[in-house]
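Worksheet for the structure shown next.
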2 protein chains.
Amino acid sequence: MTITIYDVAREANVSMATVSRVVNGNQNVKPATRQKVLAVIERLDYRPNAVARGLASKKTKTVGVIIPDISNVFYAELVRGIEDIATMYRYNIILTNSDQQEDKEVQLLSTLFSKQVDGIVMMSDQVTKDMLHEMERSQVPIVLAGTIETTNAFPSVNIEYHEAAVDAVNRLLQNGHKRIAFVSGSISSTINRLYKLSGYEKALDAAGIEIDSDLIVGVENTYDDGLLAWEELSKLKNPPTAIFAGNDEIAIGLIHGAQDSGLKVPEDIEVISFENSKLSRMVRPQLTSVVLPLYDIGAVSMRLLTKFMNKEKIDEHTVVLPYRIEERDSVK
Amino acid sequence: MTITIYDVAREANVSMATVSRVVNGNQNVKPATRQKVLAVIERLDYRPNAVARGLASKKTKTVGVIIPDISNVFYAELVRGIEDIATMYRYNIILTNSDQQEDKEVQLLSTLFSKQVDGIVMMSDQVTKDMLHEMERSQVPIVLAGTIETTNAFPSVNIEYHEAAVDAVNRLLQNGHKRIAFVSGSISSTINRLYKLSGYEKALDAAGIEIDSDLIVGVENTYDDGLLAWEELSKLKNPPTAIFAGNDEIAIGLIHGAQDSGLKVPEDIEVISFENSKLSRMVRPQLTSVVLPLYDIGAVSMRLLTKFMNKEKIDEHTVVLPYRIEERDSVK
DNA sequence: CTGAAAGCGCTAACAT
DNA sequence: ATGTTAGCGCTTTCAG
């Protein structure tokens with residue numbers, strides 16, 4: 001049978017309260033009895049039942065994580081950041097994939113609540129009304145990692161996407177380009193629409209260049225769609241001479257598409273990306289890219305969550321991490 | 001306050017046992033009372049507490065997953081396979097990273113036990129005695145995913161690494177190569193040493209080619225180490241004309257290394273990889289590779305675990321998945 | 001088909 | 001410093 005705190009108490013001739021105290025490191029225990037209890041614990045190989053503890057204390061020491069898809073390096077980096085900090089604070093994480101489906105996201109929130117997680121870190125392309133509704137019922141803190149929620153009702157950690165996008169496009173403008181394309185995953189997603197696209201437009205505007213909708217292409221965030229986007233772009237009567245890519249996979253697809261049709265990067269066409277994952281160095285030419293610090297966003301999000309869970313004072317519910325542009329070889 | 005099964009019972013004028021029955025889909029409830037209870041549940045927005053349920057039923061509907069590092073695409077694929085099947089069977093997963101450290105692996109097992117997971121899927125480079133010791137204490141089933149445990153005491157799912165390695169090297173031998181290098185992550189890890197390396201040696205042996213230890217290089221499973229390995233190999237008086245790479249990142253590093261020094265792949269040097277992740281198509285030339293079906297290994301492992309958890313009859317504790325070679329352009 | 005009652009293993013006052 | 005006593009919210013016999 002499984003051995004319980006009660007067995008230990010009996011064998012050690014103390015009450016279960018005392019056993020509980022030594023297990024939880026409570027200082028109100030005479031060293032001698034502590035030793036005695038510890039010895040019995042060792043001998044019986046007693047292991048506390050976290051579920052019982054969770055029921056009694058209403059704290060489970062586990063947090064929920066909702067992301068679109070763990071098999072995407074992008075999110076995997078983020079999760080690693082979350083997990084590292086969680087471990088540091090003795091939390092475990094329940095990992096769930098939403099595949100960006102709203103109904104799934106709502107349902108995942110619900111099952112995480114039922115599992116009595118102490119908090120949730122969530123990343124989503126788009127925080128809908130239904131999600132918000134479910135989130136508002138939460139008894140536990142929720143922090144949004146790398147996701148925009150326009151009402152700003154929840155704590156979040158992000159970078160300045162808009163400024164970053166402006167910078168990226170300016171980098172291209174500096175080199176004299178007039179025909180700059182913007183290729184990005186689901187233009188409809190909040191970040192792409194509200195920040196990257198608007199940054200792109202603002203930069204062009206400031207340079208006195210008219211927006212050409214032919215140069216704005218919305219695809220999936222994948223290598224293959226980067227390839228596809230290149231095909232589309234290269235067919236234009238007046239094709240682009242530089243491209244601002246929404247993420248690394250797209251950028252690499254674009255580059256390979258260009259190279260396959262005989263062009264040289266960056267000589268014939270320049271590409272700047274927005275992510276800087278491990279992939280960015282695994283192509284030739286290596287990608288010049290805005291660095292989106294996914295690991296850090298995850299880590300900081302989790303850290304912020306611990307503060308809420310501990311009811312510490314929080315200075316800022318909304319943290320904005322710095323970004324920078326990593327210069328490599330896809331831009332001259 | 002949080003509303004409990006007791007509140008629902010009171011409001012519906014039934015006992016909590018009845019509420020429990022309708023919540024759990026027990027058929028022994030008159031349709032009329034079921035409706036009544038359901039109505040109250042809806043009205044009160046009652047949500048069962050999974051922790052309490054776990055304590056009472058001794059089933060948590062959550063499984064533990066131990067992998068080396070989620071930020072590695074390799075493992076991320078695997079986890080996605082696990083998670084999809086887990087979701088299908090209504091389980092959640094607690095994800096943990098071991099970083100391949102034995103002590104951490106042992107400790108993770110222990111904390112997962114304490115959290116009362118219903119089962120564990122684990123992937124490790126090397127199953128040590130200490131780990132085995134901890135695993136043997138487990139009250140719940142453990143299945144090993146893509147990991148070798150020589151005593152075969154635990155259920156596992158793998159592919160035939162040895163045969164796959166032989167095939168891969170033969171593929172190179174076919175093209176007339178005599179100087180074939182083997183570059184792999186931690187040669188000391190069980191799979192690399194016991195299977196890939198031995199497959200490499202066997203294939204060369206069968207072809208009457210003597211093993212040259214200069215051609216066997218053990219590195220980390222990273223792009224950078226692939227680059228490094230190339231440097232080392234290219235300095236040899238008698239350098240290789242073909243390489244068998246332990247995984248995709250290494251293969252890409254090797255290829256870029258060769259290309260950077262002016263060689264052409266596959267004209268001047270051929271490379272075959274062992275993984276076939278998304279990366280394999282994201283290089284030029286695209287990688288010819290043994291396909292290691294990570295997603296499937298994860299999915300099948302989880303499926304196997306559900307069988308154990310349900311105490312279903314198991315035909316084979318050890319399942320071996322098929323592999324194949326995906327022909328692309330890094331081999332002629 | 002429904003209810004009563006006894007736990008599941010632990011924490012957290014409250015006493016002593 | 002240590003023990004007693006209620007629960008935490010639910011499942012699960014056992015009766016009826």
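Here is the naming used below: chain letters follow the sequence lines, and residue numbers restart at 1 for every chain.
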With B:Asp118 via salt bridge (charged side-chain N to carboxylate O under 4.0 Å, His left out) - residues at least two apart = none
A:Lys59 has an atom NZ; how far is it from atom P of C:dT11, in whole Å?
-> 14 Å
Let me check something: any side-chain donor-acceptor pairs from residues 42-54 of chain B under 3.5 Å, sequence neighbours excluded? List them with distances.
from, atom 1, to, atom 2, distance (Å)
B:Arg43, NH2, B:Glu11, OE1, 3.2
B:Asp45, OD1, A:Arg137, NH1, 3.1
B:Asp45, OD2, A:Arg137, NH1, 2.8
B:Arg47, NH1, A:Ser110, OG, 3.4
B:Arg47, NH1, A:Glu134, OE2, 2.8
B:Arg47, NH2, A:Glu134, OE2, 3.1
B:Asn49, OD1, B:Val51, N, 2.7
B:Asn49, OD1, B:Ala52, N, 3.0

Would you mind classifying the nucleic acid contact of B:Asp7 as base, sugar-phosphate or nothing, using non-hydrogen atoms under 4.0 angstrom?
-> nothing
N/O donor-acceptor pair under 3.5 Å between B:Glu77 side chain and B:Gly81 backbone | no
What pairs of donor and acceptor atoms, side-chain ones from residues 99-108 of chain B against any protein atom, are under 3.5 angstrom apart with sequence neighbours left out?
from, atom 1, to, atom 2, distance (Å)
B:Asp99, OD1, A:Arg80, NH2, 2.2
B:Asp99, OD2, A:Arg80, NH2, 3.0
B:Asp99, OD2, B:Lys104, NZ, 3.1
B:Gln100, OE1, B:Asp125, N, 3.2
B:Glu102, OE2, B:Thr128, OG1, 2.8
B:Glu105, OE2, B:Ser124, OG, 2.9

Taking side chain as C-beta onward, heavy atoms only, is B:Ile93 less than 4.5 Å from A:Ile94?
-> no
Contacted region of DNA chain D by chain A, from 5' end to 3' end of the hits, cut-off under 4.0 Å to heavy atoms, spans D:dA1 to D:dG9
Keeping to residues at least two apart or across chains, list the salt bridge (charged side-chain N to carboxylate O under 4.0 Å, His left out) pairs with something in residues 12-39 of chain A.
-> none
Can you name the side-chain contact (heavy atoms from CB on, under 4.5 Å) partners of B:Ile159, sequence neighbours left out?
-> B:Tyr161, B:Ala164, B:Phe274, B:Leu292, B:Pro293, B:Ile297, B:Leu321, B:Tyr323
Is there a donor-acceptor pair under 3.5 Å between the side chain of A:Thr18 and the backbone N or O of A:Val29?
-> no
What is the nucleic acid contact for B:Val14, judged by heavy atoms within less than 4.0 Å: base, sugar-phosphate only, or nothing?
-> sugar-phosphate
Give, ordered by number, those residues of residues 30-38 of chain A having at least one heavy-atom distance below 4.0 Å to an atom of DNA chain D; if nothing qualifies, reply none.
-> A:Lys30, A:Thr33
Output every pair passing ring-ring contact (aromatic ring centres under 6.0 Å, His included) with a member in residues 297-317 of chain B, not counting sequence neighbours, ordered by first then second residue.
-> B:Phe308-B:His317
Examine distances only and state if a side-chain atom of B:Asn24 and a backbone atom of B:Asn26 form a donor-acceptor pair shorter than 3.5 Å.
-> no
Interface polar pairs with nucleotides 5-9 of chain C, N/O, under 3.5 angstrom:
from, atom 1, to, atom 2, distance (Å)
C:dC8, O3', B:Lys58, NZ, 3.2
C:dC8, O2, B:Ala56, N, 3.2
C:dG9, OP1, A:Thr2, OG1, 3.2
C:dG9, OP1, B:Lys58, NZ, 2.9
C:dG9, N2, A:Ala52, O, 3.3

A:Arg21 CZ to C:dA13 P, straight-line distance once rounded to whole Å = 12 Å
Using five base pairs at each end, measure the axis-to-axis angle across the helix from C:dC1-D:dG16 to C:dT16-D:dA1 and round it to 10 degrees.
-> 30°
Only one of B:Val143, B:Leu132, B:Val127 passes side chain to side chain contact (heavy atoms under 4.5 Å, CB included) with B:Phe154, and that residue is B:Leu132
Is there a side-chain polar atom (N or O) of B:Thr18 under 4.0 Å from OP1 or OP2 of C:dT2?
-> no
Mind checking side-chain contact (heavy atoms from CB on, under 4.5 Å) for A:Ala56 and listing every partner two or more places apart, or none if nothing turns up?
-> none
Could you list the residues that satisfy side-chain contact (heavy atoms from CB on, under 4.5 Å) with A:Lys307, not counting sequence neighbours?
-> A:Arg303, A:Glu312, A:Ile314
